[in-house]
Each structure stands twice: as structure tokens, then as C-alpha cells.
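So the structure is just underneath, and the comments pick up after that.
Remember, predicted model here, so these are calculated numbers, not experimental data. The sequence lines fix the lettering, A, B, ..., with proteins before strands; numbering per chain opens at 1.
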2 protein chains.
Amino acid sequence: MKARRKEKRALAGEIAEAIHMRAYRPGEWLRQIDLEEKFNATRFDVRSALDELAVRKTIEHVPNRGYRVAQLDTETYRAIRETRVILETAAVAEIVARMDEATIAKLKELAARFGAAVSAGTHMEQSQINGEFHHVFYSLCGNPVLEEMIWSLRDRSRGSAVTVWSSHESLLQSDRDHIAMIAALEVRDTAGLTRLIASHIIKDGL
Amino acid sequence: MKARRKEKRALAGEIAEAIHMRAYRPGEWLRQIDLEEKFNATRFDVRSALDELAVRKTIEHVPNRGYRVAQLDTETYRAIRETRVILETAAVAEIVARMDEATIAKLKELAARFGAAVSAGTHMEQSQINGEFHHVFYSLCGNPVLEEMIWSLRDRSRGSAVTVWSSHESLLQSDRDHIAMIAALEVRDTAGLTRLIASHIIKDGL
DNA sequence: TGCAACATAATTGGCGCCAATTATACCGCC
DNA sequence: GGCGGTATAATTGGCGCCAATTATGTTGCA
């Protein structure tokens with residue numbers, strides 16, 4: 001069965017998710033035939049999705065060779081992190097100003113769920129909850145364009161040479177960071193939150 | 001004759017340029033057949049280019065209706081300007097630090113050419129020189145990713161309701177801004193340059 | 001045994017056709 | 001004369017085929 005209609009434009013997202021999940025590692029070639037079968041899509045859909053991801057710099061296109069997962073050199077990786085610091089710290093001021101009890105509660109819940117997922121969840125659950133946490137956090141800034149750019153850079157960070165999710169240690173670190181961020185946010189410690197986020201990014205990129 | 005081979009991927013850029021030149025106004029539908037003839041391209045190429053521009057948010061895609069030039073509501077426009085201020089002012093510090101005599105000279109030359117084009121040049125010349133000026137300026141920041149994001153937001157600003165290039169007055173203002181920017185850069189007045197750029201963006205968006 | 005050139009297999013990518021959908025024009029009806 | 005419904009025209013968009021290109025395997029030669 002090939003019951004797809006709405007999935008048409010979502011395929012790019014699915015492939016991006018797979019890359020994010022390290023199903024395809026940086027530098028690896030993405031063969032169109034494999035993707036057709038894996039995602040049960042037509043060749044045309046696969047190509048569209050690949051083109052979109054290439055525009056977003058998630059993957060790289062080499063004429064007559066195909067598409068491969070982007071591999072960031074250290075220079076570009078540094079540039080991305082610097083830009084992320086600029087954007088994410090700039091968002092902090094607005095986030096602190098717009099914060100409310102309901103959102104704090106939601107963040108706390110997500111942080112707790114992340115903590116649980118770290119010890120007893122799948123790779124995908126961890127990533128999904130983590131994404132949700134950061135989404136709720138940054139949507140607080142009240143600037144959809146800024147939020148979108150933060151998200152886009154976050155995606156591009158995946159192709160780094162430094163494997164972020166590989167060790168259990170970094171997951172625990174992320175868990176601690178989440179809690180620290182909420183604490184700073186609760187007492188409206190703008191400077192502290194800024195410092196926290198900056199070091200979080202510089203440290204390893206997530 | 002349809003001697004095209006390299007243009008394949010450049011078509012999106014050409015269409016973007018045409019939109020930038022106001023050949024197609026915000027909200028206007030881009031008919032694929034027209035574009036085929038106008039740019040002497042195949043239907044497939046046109047569609048690829050339109051898809052790319054849609055991903056970049058330069059145009060908007062409506063299923064079964066087609067593609068139209070993005071029309072920014074005031075809220076989004078405000079969000080873009082705010083984000084531009086964040087990015088472009090953040091770049092200033094690095095730009096001042098990396099500035100050198102040769103670049104200053106190049107900027108002066110471009111500013112002069114822009115001034116000349118304002119009084120006696122075509123619409124396209126003005127835009128091209130202006131783009132070159134800003135490109136040289138921001139490439140100084142030494143962060144390709146940051147530069148690329150600045151450029152991308154600058155592109156998206158085009159679809160604003162406020163027509164930037166319409167009046168001769170705003171062109172003269174841009175000319176004055178260029179000169180003021182160079183002056184501030186020359187004496188390494190970081191704070192002044194930051195203020196200049198911020199007000200430049202807030203004012204009308206270019 | 002190593003290497004180069006050729007043959008073969010696998011993969012990408014250009015392109016056009018036609019169905020599905022939407023806009024337009026026409027005509028009859030109220 | 002206005003309005004609703006239908007026929008027609010225009011436009012978009014899904015999809016597959018096959019040529020062009022690149023990778024792989026093999027054979028002959030030094």
C-alpha cells in the first residue's frame with residue numbers, strides 16, 4: 001500500500017529526522033533507491049525532499065554523484081556556534097520578560113521527562129523531548145523569525161565531527177543544563193541565563 | 001537557441017533578482033508558463049527554482065494554485081527587522097576589528113559609485129552596487145554563516161508593504177548612510193557604527 | 001603481481017506527458 | 001438585469017522513462 005497524500009511535503013522532515021537520528025552519518029551518501037523503499041515514496045518525492053534539504057544545508061549535493069549528509073569542517077562548525085550564541089543569547093532578554101508560570105510548569109515537565117528518557121528511553125524519545133523543550137523555551141521570545149533561525153542553525157549543527165549524543169555523559173549534562181536554565185529563568189536572572197546558554201553552546205553544540 | 005547548462009541552478013537566483021527588482025510585486029502570482037518563456041527555461045527547471053525560493057521564504061506556495069511573491073504582514077516584518085538588528089549589530093564588533101585600508105578603499109569606491117548611480121543610473125545598477133557594498137562590508141566579519149543569514153534576511157525584507165526603493169529620497173538617504181558607515185568604520189567607532197546600522201534597519205529596512 | 005584499459009552494472013538526473021484542479025466565460029433561469 | 005450553475009479553457013503538479021554519468025568488475029599485458 002502506498003497511502004500517502006499529506007506526507008508529500010513531510011518527507012524532507014522525515015529524512016532530516018533520520019539524519020538527525022544518525023541513521024545516516026555525516027559524509028554518507030544517500031541513495032535515492034534506498035530512500036524510495038525506506039520511506040515508501042516515489043523517486044520524484046525523494047528528489048524534491050533531497051533538494052529541499054540541500055537548500056537548507058542539511059545535506060550536500062554533488063552533480064552526477066548524488067546527495068550526502070553534510071560534513072562540517074571545524075571552521076564552519078565554529079562559525080555556526082558563534083552565530084548560535086549571538087541569536088540565542090539575544091533571545092534571552094525577551095524570554096525572561098515574557099515568561100509566565102504556565103510555561104515554567106511546562107518546561108519543568110519536559111525537563112523531568114527528558115531526565116527519565118535519559119535513563120530509560122530510546123534515542124528517539126530523548127531527541128524528541130529535548131527538541132520540544134527547546135522549542136517551548138525559544139518560542140517564548142515572541143519573534144518567530146528569530147526562533148526559526150535558531151532552529152535552522154541547531155539542525156545544521158548535527159553534521160559536526162564532534163558526536164554530541166554518543167556518550168551518556170553528555171545526555172546527563174544536557175539534563176543538568178535544562179534544570180539550571182529553568183532555575184535561572186524562574187528568578188529572572190537574565191545575565192545568568194545568558195551565560196548558561198553561551199557556555200552550553202560553546203561546550204559541544206547542543 | 002537554448003544554450004543552458006550552468007544556468008540550471010542559477011535560475012532561482014535570476015527569479016529572485018527579478019522579484020527583488022519588483023518585476024513581480026508582493027502577492028503577485030508567478031505563472032510557470034510565463035517564467036519558462038521569460039527565462040527560456042524548461043518547466044522542470046522553473047519548478048525547481050520556485051521550490052527553492054519557497055524554501056527560502058522568498059515566495060509562497062499554495063497547492064493547486066501556484067507560487068506567489070511573499071507578502072509580509074507588519075508583524076513578520078517587525079520580527080525580521082528585529083532579527084536583522086541582532087545579527088548585523090553583532091557583526092559590527094568583528095568588522096571593526098578586521099577592517100583594513102584596502103577594504104575601506106573598496107567601500108569608498110562602491111559608495112561613490114552608488115552615489116553616482118542614484119542620480120544617473122538604472123534601477124538595477126543601484127541595487128547591484130548597493131548589494132556589493134553590503135556584501136563587502138559584512139564579509140569583513142569573518143563568519144560566513146553569520147554573513148549568509150544576514151543576506152538571507154535582507155532578501156526576505158523585500159516583500160514588505162513599505163516600498164523601500166520607490167522614492168528618490170530614500171536612495172539619497174542610503175547614500176548618506178553608506179558614507180556615515182565608512183566614516184565610523186575608519187575611526188573604529190564601534191558604538192557609533194552599531195547605532196547607525198540599527199537605526200538604518202529600523203527606519204525602513206534597507 | 002600490479003596496473004591500465006575496457007566492458008558491464010548501478011545510479012543519477014533531465015524532461016515531457018497527461019490527469020487533477022482551479023479559473024473563466026457563457027447561458028439559461030428566476 | 002442579476003445570479004447560479006454548467007461547460008470550457010488555462011494552469012498546476014504527479015510521475016516514469018531513458019539517456020548521461022559514474023562506479024565496479026574483469027581481462028590482458030608488462
Side-chain angles (χ1 to χ4, degrees), chain A residues 1-19 22-71 159, chain B residues 1-19 22-71 159:
Chain A
M1 69 200 78
K2 48 189 303 185
R4 290 167 301 92
R5 188 63 19 194
K6 56 176 182 181
E7 299 184 25
K8 180 65 178 69
R9 294 289 169 194
L11 182 57
E14 286 184 51
I15 296 177
E17 183 71 8
I19 292 172
R22 301 269 162 178
Y24 303 96
R25 278 157 299 181
E28 191 173 341
W29 290 99
L30 276 62
R31 275 183 305 154
Q32 299 180 3
I33 297 177
D34 288 348
L35 296 174
E36 286 182 52
E37 296 175 3
K38 190 81 177 176
F39 295 97
N40 195 48
T42 70
R43 163 150 302 226
F44 187 84
D45 294 337
V46 169
R47 201 124 49 99
S48 303
L50 257 33
D51 278 335
E52 180 177 335
L53 293 178
V55 172
R56 292 204 184 143
K57 302 279 183 74
T58 303
I59 62 180
E60 179 192 8
H61 175 61
V62 181
N64 293 320
R65 288 291 304 278
Y67 301 81
R68 64 177 158 191
V69 181
Q71 215 167 4
Chain B
M1 70 199 79
K2 48 189 300 185
R4 290 168 300 92
R5 189 62 20 194
K6 58 177 181 182
E7 299 184 25
K8 180 64 180 66
R9 293 291 167 191
L11 182 57
E14 286 184 49
I15 296 176
E17 184 69 9
I19 292 172
R22 302 269 165 178
Y24 303 95
R25 277 159 300 183
E28 192 174 341
W29 290 100
L30 276 65
R31 276 184 305 155
Q32 300 180 2
I33 298 177
D34 288 348
L35 296 174
E36 287 182 51
E37 296 175 2
K38 190 81 178 175
F39 296 96
N40 195 48
T42 69
R43 162 149 303 225
F44 188 85
D45 293 337
V46 169
R47 201 125 46 101
S48 303
L50 291 175
D51 279 335
E52 180 176 335
L53 293 178
V55 172
R56 292 203 186 145
K57 302 279 184 72
T58 303
I59 63 180
E60 180 192 9
H61 175 61
V62 182
N64 292 320
R65 289 290 306 277
Y67 301 80
R68 64 176 159 193
V69 180
Q71 215 167 3

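For B:E36, the side-chain contact (heavy atoms from CB on, under 4.5 Å) partners at least two apart in sequence or on another chain are B:I33, B:R43, B:V46. Partners of B:R65 under the side chain to side chain donor-acceptor pair (under 3.5 Å) rule, at least two apart in sequence or in another chain, do not exist in this structure. Residues passing the salt bridge (charged side-chain N to carboxylate O under 4.0 Å, His left out) test with A:R56, sequence neighbours excluded: A:E52. Listed by chain and residue number, B:E60 satisfy the salt bridge (charged side-chain N to carboxylate O under 4.0 Å, His left out) test with B:R68 (two or more places apart in sequence, or in another chain). Taking the side chain to side chain donor-acceptor pair (under 3.5 Å) definition, one finds that A:R47 meets it with nothing, sequence neighbours left out.
Contact detail for B:K57 and B:A70: the closest heavy-atom pair is O-CB, 3.7 Å.
You'll find that the side chain of A:T42 is closest to D:dC15, out of D:dT11, C:dG13, D:dC15. Residue B:Y67 has its side chain nearest to D:dG13 when only D:dG13, C:dT11, C:dG14 are considered. Distances from the side chain of B:R47 to the nucleotides C:dT12, D:dG14, D:dT12 place D:dG14 closest.
The separation between A:Q32 atom CD and D:dT21 atom C1' is 13 Å, rounded to whole Å. The distance from atom CZ of A:R68 to atom C1' of C:dT11 is 16 Å, rounded to the nearest whole Å. Distance, A:I33 CD1 to C:dA10 C1': 7 Å, rounded to whole Å. Summarising the geometry, the separation between CG on A:D45 and P on C:dT12 is reported as 16 Å, rounded to the nearest angstrom. In this structure, B:E37 places its CD atom 13 Å from C1' of D:dT11, rounding to the nearest Å. Put simply, CD on B:E36 is 14 Å from C1' on C:dG14, counting in whole angstrom units. Atom CZ in B:R43 sits roughly 12 Å away from atom P in C:dC17 (whole-Å rounding). Nucleotide C:dA23 holds its P atom 8 Å from the CH2 atom of B:W29, rounded to whole Å.
Residues from residues 57-65 of chain A with heavy atoms under 4.0 angstrom of DNA chain D, sorted by number: A:N64, A:R65.
Heavy atoms of B:L50 sit nowhere under 4.0 angstrom from any nucleic acid atom.
A:L11 places a side-chain heavy atom less than 4.5 Å from the side chain of A:I15.
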